[in-house]
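All figures in this text were calculated on a predicted structure; none of them were measured in a lab. Residues take their numbers from the sequence shown, with the count starting at 1.
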Amino acid sequence: QVRLVESGGGSVQAGDSLKLSCLASGSSARNAAVSWYRQAPGKQREWVASISSDGVNNYAGSVKGRFIISRDSAKNIVYLQMNSLKPEDTAGYYCAVPVLDIWGQGTQVTVSS
């Protein structure tokens with residue numbers, strides 16, 4: 001059974017950085033493609049970034065150049081380094097293994113101006 005657990009959220013000021021972690025348990029999750037999504041109150045869920053099984057990264061236009069997705073395969077953790085945070089980045093952030101339709105419980109990021 002694959003389980004995803006996010007951590008690293010918090011409340012920061014605009015311009016600050018945060019690093020989110022997504023710890024995956026279960027052998028079937030190892031090196032699987034992982035995506036980060038976010039959802040702000042009253043808004044639809046938005047795809048943020050993905051890392052493929054062979055390490056290819058893709059980013060939404062709204063975060064490209066500011067966010068970096070990476071993987072530590074030995075620890076089975078996918079990270080989302082978020083730099084130059086803006087108030088509009090405020091949301092609950094969720095990691096997922098889309099091919100397995102597995103989601104974490106989310107971690108809240110709040111950016112104040």
Side-chain angles (χ1 to χ4, degrees):
Q1 179 94 20
V2 175
R3 185 165 174 254
L4 303 175
V5 179
E6 302 96 333
S7 61
S11 296
V12 297
Q13 298 287 320
D16 286 349
S17 298
L18 277 176
K19 188 172 186 177
L20 306 184
S21 299
C22 173
L23 173 63
S25 61
S27 59
S28 55
R30 190 172 297 279
N31 291 324
V34 174
S35 296
W36 283 95
Y37 292 81
R38 66 187 181 186
Q39 188 166 22
K43 294 188 176 181
Q44 288 190 326
R45 186 172 61 198
E46 174 189 20
W47 169 73
V48 175
S50 294
I51 183 166
S52 70
S53 57
D54 54 0
V56 176
N57 303 338
N58 285 287
Y59 300 93
S62 58
V63 306
K64 197 169 187 177
R66 299 189 297 124
F67 290 12
I68 301 171
I69 189 170
S70 62
R71 184 199 303 269
D72 185 331
S73 296
K75 297 180 179 178
N76 223 7
I77 298 176
V78 171
Y79 300 101
L80 185 68
Q81 175 68 47
M82 306 187 297
N83 302 317
S84 302
L85 283 162
K86 304 175 181 180
E88 51 263 44
D89 294 319
T90 294
Y93 282 73
Y94 302 84
C95 65
V97 178
V99 67
L100 300 176
D101 196 23
I102 300 293
W103 294 78
Q105 83 291 347
T107 186
Q108 179 67 33
V109 172
T110 301
V111 185
S112 56
S113 57

Problem set entry | Residues that Arg45 engages under side-chain contact (heavy atoms from CB on, under 4.5 Å), provided they are two or more places apart | Tyr37, Gln39, Trp103
Exercise. Quick one: side-chain contact (heavy atoms from CB on, under 4.5 Å) partners of Ser73, sequence neighbours excluded?
Worked result: Asn31, Arg71
May I have all residue pairs that pass disulfide (SG to SG under 2.5 Å) and include part of [range], sequence neighbours excluded?
range	value
residues 44-78	none
residues 30-72	none
residues 54-91	none

Exercise. So which pairs with a foot in residues 73-87 pass salt bridge (Lys or Arg N to Asp or Glu O under 4.0 Å), sequence neighbours left out?
Worked result: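 Non-adjacent pairs meeting salt bridge (Lys or Arg N to Asp or Glu O under 4.0 Å): zero.
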Problem set entry | Of all pairs that satisfy salt bridge (Lys or Arg N to Asp or Glu O under 4.0 Å), the ones with a partner from residues 97-112, not counting sequence neighbours | none
For this session: Can you run down the ring-ring contact (aromatic ring centres under 6.0 Å, His included) pairs that involve residues 55-96, sequence neighbours left out, and say none if there aren't any?
Result: none
Side-chain donor-acceptor contacts of residues 49-57 below 3.5 Å, not counting sequence neighbours, with atom names and distances?
residue : atom : partner : partner atom : Å
Ser50   : OG   : Ser35   : OG           : 2.6
Ser50   : OG   : Trp47   : NE1          : 2.7
Ser52   : OG   : Asp54   : N            : 3.4
Ser52   : OG   : Asp54   : OD1          : 2.3
Ser52   : OG   : Gly55   : N            : 3.4
Ser52   : OG   : Val56   : N            : 2.9
Asn57   : ND2  : Ile69   : O            : 3.3

For this session: Under the salt bridge (Lys or Arg N to Asp or Glu O under 4.0 Å) rule, collect the residues that match up with Glu88, sequence neighbours excluded.
Result: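 None.
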Problem set entry | Cluster overlap Leu20 with Ile68, hydrophobic side-chain contacts below 4.5 Å |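 Same cluster: Leu20 reaches Ile68 through Ile, Leu, Val, Met, Phe, Trp or Tyr contacts under 4.5 Å.
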Below 3.5 Å, can you tabulate the donor-acceptor pairs from side chains in residues 4-15 to any protein atom, sequence neighbours excluded?
residue : atom : partner : partner atom : Å
Glu6    : OE1  : Gln105  : N            : 2.9
Glu6    : OE1  : Gly106  : N            : 2.8
Glu6    : OE2  : Cys95   : N            : 2.8
Glu6    : OE2  : Gly106  : N            : 3.3
Gln13   : NE2  : Ser112  : OG           : 3.3

